Amino acid sequence: MSRSLRRGALAATAVVFSIASLAACGAGQDAQTLQIKPDNAAAAKGDIEVQNALVITQGQKGEKGPAVVSATVFNNGTKAQTLDGITLPGGKGKVALKPAEGSGKVTVPALGYVVIGGKGNASAVIEDGAATVRDGEVQKVLFQLSSTGGIELEAFVVPATGAFAPFGPTAAPAPAASPSGTPSGTPSGSPSGSPSAGATGAAAGATPSGSATGKPSGSPSHSAGH
């Protein structure tokens with residue numbers, strides 16, 4: 001099985017969208033099954049391949065919130081490239097791209113790949129997804145690579161249900177609740193109790209027990225030394 005086919009199978013497994021590539025395993029390099037393409041949008045340019053591209057909206061119809069772009073980007077070259085941006089041609093929506101680490105650029109390693117979408121992976125969030133894309137449509141998506149340049153494809157728009165749910169957007173965050181009122185109650189009374197009676201009066205000026213008060217007890221007898 002060729003290297004590109006093995007990577008196609010890995011992408012299909014990673015995003016749970018397509019098993020067509022897996023069917024080619026063991027069929028031989030000259031088999032017609034090597035011509036099978038992923039079920040979802042795919043495109044290639046130079047050393048870069050983008051496979052299983054989808055635009056995933058909120059899970060419930062009419063639900064407001066962001067949408068996301070999900071895909072696997074392969075680098076068949078010997079030098080790493082960065083994914084500098086993902087855009088929706090025509091000025092539709094702003095796509096916020098973040099690496100799995102949360103900051104910096106999304107890097108596609110040499111002879112490797114990067115998954116976009118899903119827990120623990122890089123993310124591409126269409127901030128106003130509800131107003132930008134609609135389920136059932138086909139949306140043009142442009143991937144911009146540092147060396148290869150732009151790769152454009154047409155991705156299906158699907159809701160985050162079933163197999164797509166783990167790769168879809170999270171629910172829109174609820175407004176933060178303001179602190180309710182003031183802290184309940186006030187400190188009750190004064191500190192309970194007061195110093196015990198024994199600590200007053202004589203105890204305050206008491207001297208250590210057994211201290212010498214007056215003449216030392218047991219003074220030398222009168223006959224000592226005689």
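Every value quoted in this text rests on a predicted model; they were computed, and no experiment measured them.
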On a heavy-atom basis, which atom in [X] and which in [Y] lie closest, and how many Å separate them?
X: F167; Y: S70; result: CB-OG, 4.1 Å
X: S147; Y: Q81; result: N-OE1, 3.0 Å
X: G104; Y: P99; result: O-CD, 3.4 Å
X: A67; Y: P169; result: CA-CG, 4.1 Å
X: G168; Y: A160; result: CA-CB, 3.8 Å
X: A155; Y: A53; result: CB-O, 3.6 Å

Legend entry - Contacts of type side-chain contact (heavy atoms from CB on, under 4.5 Å), residue K140, not counting sequence neighbours: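 For K140 the side-chain contact (heavy atoms from CB on, under 4.5 Å) partners, ignoring immediate neighbours, are P89, E152, E154.
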
Any donor-acceptor pair under 3.5 Å from [X] side chain to [Y] backbone:
X: D128; Y: T132; value: no
X: N75; Y: V108; value: yes
X: T107; Y: T82; value: no
X: K45; Y: G150; value: yes

Let me confirm one number: the [atom1]-[atom2] distance from [X] to [Y], rounded to the nearest 0.5 Å.
X: K94; Y: T87; atom1: NZ; atom2: OG1; result: 13.0 Å
X: F74; Y: D47; atom1: CZ; atom2: CG; result: 14.0 Å
X: L145; Y: I48; atom1: CG; atom2: CD1; result: 4.5 Å
X: I116; Y: K98; atom1: CD1; atom2: NZ; result: 14.5 Å

Inset, instruction - Would you please test L83 and Q144 for side-chain contact (heavy atoms from CB on, under 4.5 Å) and show each step? - result: CA-CA 6 Å; L83 179 59; Q144 190 70 36; 5.6 Å; no

Legend entry - Identified side-chain contact (heavy atoms from CB on, under 4.5 Å) partner of V55 from the options D135, V141, V95, V158: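 Of the listed residues D135, V141, V95, V158, the side-chain contact (heavy atoms from CB on, under 4.5 Å) partner of V55 is V141.
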
Inset, instruction - For a side-chain contact (heavy atoms from CB on, under 4.5 Å) with I126, tell me which candidate from V69, I56, T57, I86 qualifies. - result: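 Only match with I126 under side-chain contact (heavy atoms from CB on, under 4.5 Å): V69.
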
Inset, instruction - Applying side chain to side chain donor-acceptor pair (under 3.5 Å), name anything that partners S123, two or more places apart in sequence or on another chain. - result: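 Side chain to side chain donor-acceptor pair (under 3.5 Å) list for S123, sorted by chain: empty.
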
Inset, instruction - Go through the steps to decide whether F143 and L153 satisfy the test side-chain contact (heavy atoms from CB on, under 4.5 Å), and finish with yes or no. - result: CA-CA 8 Å; F143 293 77; L153 47 74; 4.2 Å; yes

Inset, instruction - Start with the C-alpha distance between V73 and Y113, add both sets of side-chain angles, then the distance that settles side-chain contact (heavy atoms from CB on, under 4.5 Å), and finish with yes or no. - result: CA-CA 5 Å; V73 182; Y113 66 94; over 6 Å; no

Legend entry - Linked, directly or transitively: V138 and V68 (ILVMFWY side chains, under 4.5 Å):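 Yes; V68 is reachable from V138 via cluster members.
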
Inset, instruction - Flag the pair Q58 / P66 as yes when at least one side-chain heavy-atom distance between them is below 4.5 Å, and no otherwise. - result: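 Answer yes - side chains close enough.
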
Inset, instruction - Given side chain to side chain donor-acceptor pair (under 3.5 Å), test E137 with Q139 step by step and report yes or no. - result: CA-CA 6 Å; E137 293 182 343; Q139 174 63 54; over 6 Å; no

Legend entry - Neighbour count above 12 (heavy atom, 6.0 Å) for E127 CD: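 Yes, enclosed.
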
